[in-house]
Structures are given as C-alpha cells and as structure tokens.
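Since the structure comes first, as structure tokens, the remarks are kept for the end.
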Amino acid sequence: MERIRLDIRGMSCANCSSTITEALTRLEGVGEVDVNFATDAGTVEYDPEQVSLAEIYEAIENSGYEPVAETLNVGITDMTCANCSQTVESAVSKLPGVVGVDANFATDEARVRYNPAAVDRDAIYDAIEDAGYSPVRDTGGEESESERRKNARNAEVRRQLRLVLFGTALSVPLAVLMMGDLVGLPVPESFFGVGKGWIALVLATPVQVLLGKEFYENSYTALVRNRTANMDVLIALGSTTAYAYSIFVLLNLVAGGLYFESAALILTFITLGNYLEARSKSQAGAAIEQLLELEADEATVVSEKDGEFVNERQVPLKEVQVGDVLKVRPGEKIPTDGEVLDGESAVDESMVTGESVPVEKSPGDEVVGSTVNENGLIYVRATKVGSETAIQQIVQMVRDAQSRQPEIQTLADRISAYFVPAVIANALLWGVVWYLFPEALGGFVGSLPLWGLVAGGPGVVSAFEFSVIVFASAVLIACPCALGLATPAATMVGTAIGASNGILFKGGDVLERVRDVDTVVFDKTGTLTKGEMTLTDARVVSPTTDGAGAVADEETDSLSEDDLVAVAASAEAGSEHPIAEAVVEGARDRGIDVSDPAALQNVAGKGIRARTDRGDVLVGKPDLLREYDVDPSPAEETLAEFEQQGKTAIMVALDGHLLGVLGVADEIKPSATEAVTTLRERGTRVMLVTGDNERTAYAVAEEVGIDREQVRAGVLPEDKADTVEDIQADGSRAMMVGDGVNDAPALAAAYVGTALGSGTDVAIEAADVTLMRDDPMDVVRAMNVSEGTLAKIKQNLFWALGYNTAMIPLASLGLLQPVLAAVAMAFSSVSVLANSLLFRRYDPEKRYRLFGRNR
C-alpha cells in the first residue's frame with residue numbers, strides 16, 4: 001500500500017470532505033482515506049496494483065472537486081522509436097505522485113501530469129535520465145521553454161550532421177578500397193606492405209566507435225536497465241555482426257570475406273536518416289514556434305492621471321502585470337490580451353483567428369495579444385498576461401493535442417511492443433536455417449530473379465558466411481520507427497493546420513473522432529445567429545397620425561418609419577434590455593437623436609411604459625396596450641407576419657394611440673446557410689436545438705436550410721444535454737456546436753463538443769474543439785482537417801507496414817545486402833515524415849484529395 005497527500009480545491013464544509021471520502025472508498029484498492037476541508041487537503045492509502053492515481057483523481061473530480069495537479073511538458077532529444085516513448089512513459093509513471101504521462105517521439109517531448117505535493121520536476125527529469133534519455137531541463141535561466149527546446153533540437157541536428165560528415169569521410173574511401181574492383185577500379189591488395197584488410201580495419205573502427213557509440217549505449221540501457229528492445233538494438237546487432245565477423249576473418253579465426261565497409265556504411269546511412277528525421281521533426285513543429293515568435297518582446301507602459309496617459313516607459317513583456325495600461329502605436333504588436341481604453345484602430349487578428357480582414361476596435365472592445373495594430377494609436381488595459389493570454393493558450397492546446405494520439409495509434413503501439421523481439425527471432429531463425437540447409441534453400445531461392453544480389457549466394461560463399469549476411473540484413477531491414485512515426489507525425493501537422501486556421505483540437509483522439517461525426521447539432525443564438533438583437537423593420541399602422549401630430553411630418557401630416565422609431569427609442573433609452581438596446585442603436589443608425597425618458601416603468605413580461613418629451617409611450621406586447629386601453633387589433637396581422645419570419649415584434653403607442661410595429665431579430669450569420677448546405681451535401685444530418693419558441697426556431701431553420709423535423713425548440717438550458725443524449729441514443733455520433741454557458745453540459749455530452757471562440761470560457765473548457773472565429777463554416781473545415789489527417793495517417797501506416805511486409809521476407813531469403821537493408825531502413829522513416837510534411841500544404845476549404853479526385 002502507498003500513501004499520498006493531495007491538495008483539494010472547492011471544499012467548503014464537512015459534507016464536502018465526506019463526499020470525497022465516500023467516493024474514494026468505493027474504489028477497489030483504496031484503504032484509509034482522510035480528507036479535511038479545513039486544510040483543503042487529504043491523504044489516501046491505496047494499492048497501485050489495483051487502482052491508479054489517475055483513477056483517484058478522476059473520482060475526486062467526478063465528485064465536483066479539484067485535486068491539485070500540475071502539468072510539465074518535457075523536451076526529450078534522443079527518442080528514436082515508439083519503444084523509446086513507451087519506455088519513458090513506464091519510467092515516469094512509476095514515480096509516486098505522477099497522475100499520467102504521454103511521451104511522443106515524433107514531437108520529442110513528454111507531457112506529465114503530477115501531484116506537486118508528492119513529486120517535483122527534478123524527480124521527473126531524473127527518471128527520464130535514468131531510463132537512458134536526455135530531458136531538456138528548466139535551468140531557471142532567461143531562456144523560455146520554447147527557446148530551450150529549440151536550442152536543444154538544433155544542437156541535436158548539428159550533432160547528427162557532424163557524425164554524418166565524419167562517417168562519410170571514412171566510409172567512402174573504405175567502400176572504394178573494399179569494392180573498387182567490382183566497378184573496375186584498380187585497387188591493390190596492399191599499401192606499403194600493409195594488407196587492405198588491415199587498412200579497412202583502421203578506417204572502419206573510428207566509425208564503429210563514434211557513430212556506433214549511441215546505438216550501443218541505448219541498446220545497453222534498453223536491454224539491461226529497461227528490459228526491452230528498441231530500434232537501436234537492431235542497428236547495433238546488424239553493424240556489429242558485420243564488423244565482428246570481418247575481424248574474425250582478418251585474424252583467420254573463420255573463413256570468409258571482409259565486410260568492414262558494410263558495417264561503416266550501415267552506421268553512416270542510419271545516422272544520415274536520423275539527421276534527416278531530426279530536421280523533418282523541426283519543420284513539422286515549426287507551427288508552434290511561429291506562433292510563439294508572434295509575441296512582442298517589449299511593451300510600452302504608461303500611467304493614467306487625470307484622464308491623460310503619462311510616464312511612458314519600455315518594459316520586457318514578462319514584466320507586464322494585469323491592470324497595466326499599454327500604449328500601442330500603429331504597426332506595433334499588441335503585447336498582451338486587454339481592453340481598449342482610448343483610441344480607435346483596425347487590428348489584424350489573422351495569426352489567432354485565421355481571418356485576414358482587420359477588425360475595427362474602439363473603447364470597450366477586447367484585443368488579443370500578439371495581434372497587430374494597423375492604423376491608429378490605442379491605449380489598452382492588460383487583462384491577461386503570461387500563460388493566460390490567448391496566444392499561449394493556443395500554443396498549449398496545440399501541444400496537448402499533439403501529445404494525445406488517436407486511437408489508431410494504439411494499433412501501431414501494440415505492434416511496436418513486440419516488433420523488435422520478433423525481428424531478432426526471425427533473423428536468428430533464418431540465419432540458422434541457411435546455415436543448416438544451404439543447398440536446399442539455395443536451390444529454391446536461386447530460381448528467383450533477384451538471386452545473386454548477396455555475394456552470389458551460398459554456392460559462392462560458405463554457408464556460415466551467408467547465414468551471417470542473412471542475419472545482419474534481416475535485423476537491419478525492419479524499421480519500427482517508421483511505424484511509430486506514422487500517426488504522431490501526421491497528427492502533429494494536422495493540429496498545426498487547424499491552429500493556423502483558427503481551429504483548435506484538444507487532442508489527436510478528438511481529431512480522429514471529428515471525422516466520424518454523422519450529426520451536427522447547432523445551438524441558435526450566437527452560433528447560427530450573431531447573438532445580437534438588431535432593429536430590422538419599422539411599419540406604421542395608421543396612414544395618418546390621428547392624435548400623434550406632434551411627431552408627424554408637418555407637410556404630409558403622416559407618420560414616417562423614422563418617426564415611429566424615434567418615439568420607441570425615446571422610451572427604450574432608459575432600459576438595458578437587449579430589445580431596448582437594439583431599438584436605440586437602430587435609431588442612432590438612422591441619424592435620430594435619442595434622449596432619455598423622464599420616467600420609466602418596466603411591466604414584467606409585457607414591455608415598458610415611459611414619459612418622454614414626445615408624450616406617454618407604450619412599447620411591448622398587445623397585452624400591455626390593452627391594459628392601457630389601446631386597441632392592438634389593427635397591428636395584429638403585421639405582428640403575426642414578423643413572428644412568422646422569426647422576428648420579435650413589439651407594438652408602439654403614443655398618448656393612447658397605436659402607431660405601429662417594430663421588428664427586432666437576431667440576424668443569421670452570413671455563412672450559416674453555406675455551412676448547413678455543405679454539411680448536408682456531405683451526407684451529415686443537421687439539427688437545431690434552441691430555447692426559443694417554435695415559430696422563431698422554424699423560421700431560422702427554414703432560412704439556413706434545416707428541415708423542420710430536425711428542430712428541437714423550447715429546450716431549457718438544463719435539458720440540452722438530455723436532448724443531445726436522446727439524439728445519440730440510436731447510435732448517432734453527434735457534434736454539438738454552441739457558445740454559451742448553458743451549452744456547456746450539452747458540449748460535454750456530445751460525441752464531439754465544439755465551442756465558438758467568441759463564446760464563454762466555460763463552453764470552451766467543456767468542448768473538444770474550439771473555433772476561434774464566429775464562422776459556422778469552420779465546422780466544415782474542422783471535418784475536412786480531421787478527414788485529411790486520418791487519410792494521411794492511413795497512408796503512413798500503409799507504407800510503413802507494407803515496407804516491412806515486403807522487405808523482411810526479401811532479407812530473410814538472402815536477397816538484400818546489409819548495406820542496402822540499412823539504406824532502406826533509414827529511407828522508410830524519412831519517407832513517412834516527408835509524406836506528413838507534404839500535408840502542410842493542405843487547404844481545409846476543400847475535402848482531402850485522394851487519388852486526384854475531390855472526396
């Protein structure tokens with residue numbers, strides 16, 4: 001049994017601690033539990049063989065409380081295959097206090113969630129080092145985390161390049177020495193009395209020592225310390241077999257030929273592959289670096305005094321605090337998230353939302369850090385700094401997404417776990433078989449068209465020599481790294497494509513699920529509509545003013561639409577209701593001066609009554625007018641017409657006389673209809689769920705192209721999640737798209753929850769996908785990115801598995817030389833990465849092109 005201390009947030013009474021205790025004691029393997037709400041802490045005794053710390057955390061979270069945990073992203077520069085990442089995960093997860101760990105060798109990092117009360121970062125770094133790998137430690141210097149990782153990656157690329165150049169400098173003359181006669185070069189058997197075999201030994205040994213050093217060290221760590229086998233074991237076995245056999249031949253201990261050039265070329269080609277792979281990884285991860293480079297280095301901080309901004313000074317970005325006032329000149333980057341205090345400008349937000357059109361900003365508007373102030377001087381009060389800014393949140397979401405792999409990766413991981421031992425066993429088997437039955441196998445294989453590529457076959461060389469060649473080729477040809485790279489490399493590029501287009505996936509698993517969505521459920525307000533009430537119509541009912549001559553046109557003695565709006569706005573100016581704000585804003589857009597009413601009375605559920613400089617005004621429902629003896633019947637037909645169009649209709653009366661009807665509506669977003677049409681063309685069912693009445697819901701649905709039978713109207717906020725679950729009850733996989741607090745439970749209940757970035761933080765937190773723009777078409781783009789990424793993953797897996805399926809039998813049958821096997825092994829990994837990098841040019845506006853056709 002282990003005992004661990006947890007800090008827990010959210011407890012307020014003894015009942016809270018009792019709830020947590022009860023939830024934990026129900027877990028099998030949990031012993032004594034002591035939770036104290038006064039200290040916001042608890043201790044749990046548990047058997048790690050029966051219950052994991054992650055399950056304990058989940059039980060507390062499901063009870064409605066927050067066990068304190070921190071997340072550490074550790075850069076690791078020397079993982080070479082999926083087995084390496086699995087080894088790191090195993091080593092770190094054994095630490096007490098580690099809740100979960102995901103290591104990804106394609107991104108060269110591990111993401112560790114841990115309990116800071118039980119384990120610290122140094123212990124995590126040490127565990128990675130003890131497993132035989134090199135973490136990029138936080139030394140507490142001036143460099144940021146991204147800079148440390150970038151520098152470590154660049155250092156690794158330079159190191160691999162030096163090794164490649166060194167290996168090439170010795171391997172090329174070695175190859176000429178040993179194989180020159182095969183291409184007609186006159187190579188003597190000795191130089192100055194020294195046989196060429198000994199000269200070959202002198203040239204091959206430095207390559208074997210310097211280039212082979214890391215493969216030997218990693219093999220020792222894997223086999224002895226971690227009790228596993230990885231790609232380095234295969235490379236070490238193949239090159240050592242050729243090198244050691246050649247020494248035995250040189251010392252006349254066995255008969256046969258020399259293969260020093262094969263040993264050296266194997267290590268040189270593999271190292272070249274590692275160099276190209278490291279460069280490709282750097283290119284694939286460039287999206288995050290580009291995002292971080294968008295941040296400003298400095299900020300201009302000013303003080304606010306008597307309505308003026310004074311004491312201007314330059315400070316580093318990391319010294320900016322929440323509440324500081326920042327001066328942003330035209331052309332400068334906005335240093336951090338904030339609110340405009342003074343000035344007007346257009347801001348280029350394309351690096352965050354992907355939207356190229358600058359957005360107008362004025363006092364009261366929010367701005368995002370790292371966006372560019374285009375043309376006006378503005379003063380901004382900082383509201384979020386450091387890791388809380390939007391750009392940092394985006395970077396973190398992309399990193400998290402890259403560390404969480406799709407379910408399809410579990411197939412590759414399962415294969416990789418048994419791959420290396422199986423390859424070694426296969427190589428030993430065929431080496432022995434060729435040694436014992438050279439004539440029988442030679443007779444069969446000799447009839448194949450590729451026969452003779454390996455030293456002429458066992459009829460030319462001895463059976464033992466040929467079995468050694470087969471063994472070396474068979475272990476070198478297998479490439480688990482290509483298989484392990486197939487999924488994470490494509491996921492890394494796919495999430496980066498999404499981020500550059502304002503689409504953030506919470507994980508590779510989410511990226512995979514989006515493709516499988518067959519039903520999209522839209523919320524109405526703020527999702528398909530703009531979420532802002534707008535005055536759309538003003539219709540005068542009476543052709544003359546009757547008793548409303550005070551507001552009529554003097555020449556025609558008739559009431560105009562502007563007169564009607566002016567009367568209503570003079571009353572609504574005193575209200576904060578969204579409809580009132582829409583009427584007042586509509587009046588100002590028409591150039592009408594609006595003054596506040598002298599007195600205002602809200603009539604609950606019916607409207608308002610106000611005394612204005614124009615007279616006594618009623619604005620609201622027919623019931624309100626009847627209550628004050630105004631007959632609404634002349635306007636009821638207009639009222640019904642507006643409501644049929646999905647608008648909110650309000651009647652206006654002045655001094656006891658009905659004037660007309662105003663129509664107020666939440667306008668449809670320009671791209672809503674296109675999004676619904678495109679989704680339906682894909683064969684996706686599209687639904688609308690809203691709390692509005694049926695008449696409004698049907699009107700909006702008809703306008704955007706959603707069938708009436710796919711509308712769920714009058715759904716209370718607390719019932720939206722149940723509605724989504726009902727939709728999914730028949731096995732449908734629904735994507736819920738919303739933006740409000742009331743959408744959060746439904747987002748969590750859906751197969752994929754999608755929040756618009758303009759929505760609330762609660763909705764974004766509950767969602768699997770965040771759309772940074774207000775564009776419903778981004779739902780389609782998210783599906784396209786998902787579909788394209790999964791297609792690319794399958795391509796990669798096909799080539800990786802197909803390569804091994806084809807090449808291992810060839811090597812086992814003696815049809816490949818060890819050097820050719822090493823070249824093929826290195827090429828397979830690079831080809832998978834190159835195929836993934838080609839995906840960076842994908843345009844999410846279109847469905848992924850497969851075999852030259854739009855799907």
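Index from 1, following the sequence.
- The shortest side-chain heavy-atom distance between Leu756 and Val737 falls under the 4.5 Å cut-off.
- Here the OG1-CD distance, from Thr383 to Glu339, works out to 7.5 Å after rounding to the nearest 0.5 Å.
- With sequence neighbours excluded, the residues satisfying salt bridge (charged side-chain N to carboxylate O under 4.0 Å, His left out) with Asp562 are Arg590.
- When all heavy atoms of Val617 and Ser570 are compared, the closest pair comes out as CG2-OG, 4.3 Å.
- Nearest approach of Ala566 to Ile592, heavy atoms of both residues: CB-CG2, 3.8 Å.
- With a 4.5 Å cut-off on side-chain heavy atoms, Lys506 and Leu504 do not count as touching.
- Counting all heavy atoms, side chain and backbone alike, Phe37 lies closest to Ser17 at N-CB, 4.2 Å.
- Judged purely by atom type and a 3.5 angstrom limit, Lys669 uses its side chain to pair as donor or acceptor with the backbone of Asp774.
- Looking at heavy atoms from C-beta onward, Ile8 lies out of side-chain contact with Glu66 at the 4.5 angstrom threshold.
- In this structure, the side chain of Ser63 engages the main chain of Ala59 through a donor-acceptor pair within 3.5 Å.
- Nearest heavy-atom pair across Thr371 and Asp348 is CB-O, 3.3 Å.
- Taking 4.5 Å as the limit, every side-chain heavy atom of Thr754 sits out of range of all side-chain heavy atoms of Val520.
- Residues Glu581 and Met533 have side chains not in contact (no heavy-atom distance under 4.5 Å, counting atoms from C-beta outward).
- Taking 4.5 Å as the limit, every side-chain heavy atom of Ile608 sits out of range of all side-chain heavy atoms of Gln601.
- With rounding to the nearest 0.5 angstrom, the CG atom of Asp523 is 13.0 Å from the CE atom of Met687.
- Smallest separation of non-hydrogen atoms from Thr612 and Pro597: CG2-CB, 4.0 Å.
- Under the rule for a side chain to side chain donor-acceptor pair (under 3.5 Å), Asn15 has no partner lying at least two apart in sequence or in another chain.
- Side chain of Asp337 to main chain of Gly369: a donor-acceptor pair is present (N/O by atom type, distance under 3.5 Å, no hydrogens or angles).
- The number of heavy-atom neighbours closer than 6.0 Å to CD of Glu694, taken from other residues, nucleotides and ligands shown, is 12 or below.
- Two residues are said to be in side-chain contact when any heavy atoms from C-beta on lie closer than 4.5 Å; Ile334 and Val347 meet this criterion.
- Between the side chain of Lys524 and the backbone N or O of Thr529 there is no donor-acceptor pair closer than 3.5 Å.
- A salt bridge does not link Lys530 with Asp666: none of the charged nitrogens is closer than 4.0 Å to a carboxylate oxygen.
- Ser560 and Asp563 are linked by a side-chain donor-acceptor pair at a separation below 3.5 angstrom, with hydrogens and angles left out of the test.
- Every residue two or more places apart in sequence or in another chain was checked for a side chain to side chain donor-acceptor pair (under 3.5 Å) with Ser18, and none qualifies.
- The salt bridge (charged side-chain N to carboxylate O under 4.0 Å, His left out) contacts involving residues 360-375 comprise Glu349-Lys361, where partners must be two or more places apart or lie in separate chains.
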Got a list of side-chain donor-acceptor pairs under 3.5 Å for residues 702-711, not counting sequence neighbours?
{"unit_1": "Asp707", "atom_1": "OD1", "unit_2": "Arg680", "atom_2": "NH1", "d": "3.3"}
{"unit_1": "Asp707", "atom_1": "OD1", "unit_2": "Arg680", "atom_2": "NH2", "d": "3.4"}
{"unit_1": "Asp707", "atom_1": "OD2", "unit_2": "Arg680", "atom_2": "NH2", "d": "3.1"}

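- By the 6.0 Å and 45° rule, Lys327 does not stack over the aromatic ring of Tyr379.
- For the pair Arg9 and Tyr65, the cation-pi test (distance below 6.0 Å, angle within 45°) is failed.
- A donor-acceptor contact shorter than 3.5 Å links the side chain of Thr389 to the backbone of Gly386.
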Could you walk me through whether Val514 and Phe505 pass the side chain to side chain contact (heavy atoms under 4.5 Å, CB included) check? CA-CA 9 Å; Val514 169; Phe505 300 92; 4.0 Å; yes
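- Under 3.5 Å, the side chains of Asn784 and Arg682 contain a donor-acceptor pair of N or O atoms.
- The heavy-atom pair separating Val780 from Ala675 by the smallest distance is CG2-O, 4.0 Å.
- Atoms CD and CG, on Glu585 and Leu535 in that order, are 10.5 Å from each other to the nearest 0.5 Å.
- Residues that satisfy the side-chain contact (heavy atoms from CB on, under 4.5 Å) test with Ser345, not counting sequence neighbours, are Asn373, Asn375, Ile378.
- Side chain of Ser786 to main chain of Ala782: no donor-acceptor pair is present (N/O by atom type, distance under 3.5 Å, no hydrogens or angles).
- Under the rule for a salt bridge (charged side-chain N to carboxylate O under 4.0 Å, His left out), the partners of Arg539 that lie at least two apart in sequence or sit in another chain are Glu641.
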Side chain to side chain contact (heavy atoms under 4.5 Å, CB included) for Val661 and Val652? Distances and angles first, verdict last. CA-CA 6 Å; Val661 183; Val652 183; over 6 Å; no
Step-by-step side chain to side chain contact (heavy atoms under 4.5 Å, CB included) determination, Ile668 to Val700: CA-CA 8 Å; Ile668 303 295; Val700 171; 3.5 Å; yes
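- Atom CG of Asp509 and atom CG of Asp768 lie 8.0 Å apart (nearest 0.5 Å).
- Partners of Arg712 by salt bridge (charged side-chain N to carboxylate O under 4.0 Å, His left out), not counting sequence neighbours: none found.
- The backbone N or O of Glu572 sits nowhere less than 3.5 Å from a side-chain atom of Ser575 that would complete a donor-acceptor pair.
- Taking the side chain as every heavy atom from C-beta outward, Val779 and Leu771 approach each other to under 4.5 Å.
- Distance check, rounded to the nearest 0.5 Å: CG of Leu618 to CG of Asp655 gives 9.5 Å.
- The salt bridge (charged side-chain N to carboxylate O under 4.0 Å, His left out) test applied to Glu61 returns Arg113, not counting sequence neighbours.
- A search for side-chain contact (heavy atoms from CB on, under 4.5 Å) contacts involving Arg381 returns Glu304, Val325, Leu341, not counting sequence neighbours.
- A donor-acceptor contact shorter than 3.5 Å links the side chain of Arg513 to the backbone of Tyr751.
- Around the CZ atom of Arg733, the shell of radius 6.0 Å holds more than 12 heavy atoms that belong to other residues, nucleotides or ligands.
- With sequence neighbours excluded, the residues satisfying side-chain contact (heavy atoms from CB on, under 4.5 Å) with Val594 are Ala569, Ala573, Val584, Ala587, Arg588.
- Counting only distance, with no hydrogens or angles, the side chain of Thr336 and the backbone of Lys384 share a donor-acceptor pair below 3.5 Å.
- Checked by atom type and distance alone, the side chain of Asp631 never pairs as donor or acceptor with a backbone atom of Arg626 at under 3.5 Å.
- For Asp593, the CG atom counts as loosely surrounded, since its 6.0 Å shell holds 12 or fewer non-hydrogen atoms of other residues, nucleotides or ligands.
- By the side-chain contact (heavy atoms from CB on, under 4.5 Å) test, Thr534 pairs with Glu667, sequence neighbours left out.
- Here CG of Asp596 is found 10.0 Å from CG of Asp613. Values are rounded to the nearest 0.5 Å.
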